[in-house]
Asks: 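Starting off with a structure, shown below.
Computed over heavy atoms, backbone and side chain alike; hydrogens, waters and symmetry mates excluded. The sequence lines fix the lettering, A, B, ..., with proteins before strands; numbering per chain opens at 1.
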Number of protein chains: 2
Amino acid sequence: MRLTTKGRYAVTAMLDLALHGEAGPVSVVDVCERQGIPGAYLEQIFARLRRAGCIDSVRGPGGGYVLSQSLEQISISDILVAVGEGVDATRCHGAADCQDGTQCMTHDLWSELSDQIDGFLRRITLASLVRRVGATGSGNHRARERVAELIHATNL
Amino acid sequence: MRLTTKGRYAVTAMLDLALHGEAGPVSVVDVCERQGIPGAYLEQIFARLRRAGCIDSVRGPGGGYVLSQSLEQISISDILVAVGEGVDATRCHGAADCQDGTQCMTHDLWSELSDQIDGFLRRITLASLVRRVGATGSGNHRARERVAELIHATNL
DNA sequence: CGAAAAGTAGACCGTTTTAGTCGGGTATTG
DNA sequence: CAATACCCGACTAAAACGGTCTACTTTTCG
């Protein structure tokens, strides 16, 4: 199972807005310089997020993007769905016609899996992400060590 | 997030072995006719499963493939990992060097997500799948209705 | 022994998706 | 009116996906 960079970029960018958006709109350039995301690509992603209603845009000098809801209201699931990276592990995209018009043996399994993953992502909001990043400090030594441990422990 | 057909085929094929393997080895042709999987492709998948130690092969007439462990011992996670479809939502594949050699802001998130999904898949074994398929009957009306409800409820 | 049944191996290939780039817009501000 | 910033659609190289095809080797049965 893979997550594409588009989905990751979208979440990263939204988190960046959450962290730096208090003083007003945040420009694409600001975000892509801080997060190392190609500017032209990030524009596309922001466009999708806007059309989905996750963010609002302000044009002209001093403009940029602003979160359109509170941090508690925006979940990771919302963001991924907005950029077309919503979870779907089924072959038939939920239609249950996987094999000759009827559902295949493993349809329930994939359906349930999709549900589990989405549930997890729905419970994580920008608010909880901000709390976490704030607590460990982004990119510092302590954080890196903690993650290294985690990876080692879970054999990821 | 997407799951490829290779992963789905692998699980389906393993489940087929679990359901029809009691009388001896099951041939590729048998499995692909029952499950609607292209034969030549399924052969590739079985080859990976064998190299990973999930199944054993028996050559010559009357040969085929046999599960190499008990139904309780084989998890969906094992199968997916065997065919190279293991869960990894991080960009850096666990190395924590996502951004300029240090970990990016969202590394923990993806790492934890991968962990959650894998945990879920590890708890489901061929044994539990066989029980489930037996209980609902594959492809019957009741099962399809249940799934339709689920899909509607979760907006998948 | 020889034919047929089956697995083994790996090169190959068309299509789709990914991960962007590019070029030209349009609104807003100073 | 010029600079800043969003807006939008077309385009593209590379990778991944979902297979196919060919040419083996091993084993059983008659």
Asks: For R91(A) and dC17(D), give me the distance from atom CZ to atom P, rounded to whole Å.
Replies: 15 Å
Asks: Could you verify whether a donor N or O on one side chain and an acceptor N or O on the other, from S114(B) and W110(B), lie under 3.5 Å apart?
Replies: no
Asks: Looking at side-chain heavy atoms only, is the closest gap between D56(A) and Y65(A) below 4.5 Å?
Replies: no
Asks: Before giving the answer on side-chain hydrogen bond (donor to acceptor under 3.5 Å, both in side chains), spell out for S75(B) and D78(B) the whole-Å C-alpha distance, their side-chain angles and the decisive distance to 0.1 Å.
Replies: CA-CA 5 Å; S75(B) 75; D78(B) 295 332; 3.1 Å; yes
Asks: Does R2(A) put a side-chain nitrogen or oxygen below 4.0 Å from OP1 or OP2 of dT18(C)?
Replies: no
Asks: Would you mind reading off the distance between L3(A) atom CG and dA16(D) atom P, rounded to a whole angstrom?
Replies: 15 Å
Asks: What does nucleotides 5-16 of chain C look like as a protein-contact string, B for base, S for sugar-phosphate only, - for none, at under 4.0 angstrom between heavy atoms?
Replies: BSBBS-B-----
Asks: What is the separation between atom CG on L42(A) and atom C1' on dA5(D), rounded to the nearest whole Å?
Replies: 13 Å
Asks: Separation of D30(A) atom CG from dA5(D) atom C1', in whole Å?
Replies: 11 Å
Asks: Expressed as a whole number of angstroms, how long is the span from I55(A):CD1 to dC7(D):C1'?
Replies: 12 Å
Asks: What I want to find out is whether E112(A) reaches R132(B) closely enough, with some N-O distance under 4.0 Å, to be called a salt bridge.
Replies: yes
Asks: For T125(B) and Q73(B), does a side-chain donor sit closer than 3.5 Å to a side-chain acceptor?
Replies: no
Asks: dC17(D) P sits how many Å from I45(B) CD1, rounded?
Replies: 12 Å
Asks: Quick one: is dG18(D) close enough that its OP1 or OP2 comes under 4.0 Å of any side-chain N or O from Y9(B)?
Replies: no
Asks: Is the Y41(B) ring parallel, tilted or perpendicular to the Y9(B) ring (thresholds 30°, 60°)?
Replies: perpendicular
Asks: Under 4.5 Å between any side-chain heavy atoms of D97(A) and T102(A), yes or no?
Replies: no
Asks: Atom OH of Y41(A) and atom P of dA10(D): how far apart are they, to the nearest Å?
Replies: 18 Å
Asks: Mind calculating the distance between CD (Q35(A)) and P (dG20(C)) to the nearest angstrom?
Replies: 15 Å
Asks: Please confirm whether the shortest side-chain N or O distance from T5(A) to OP1 or OP2 of dA19(C) is below 4.0 Å.
Replies: yes
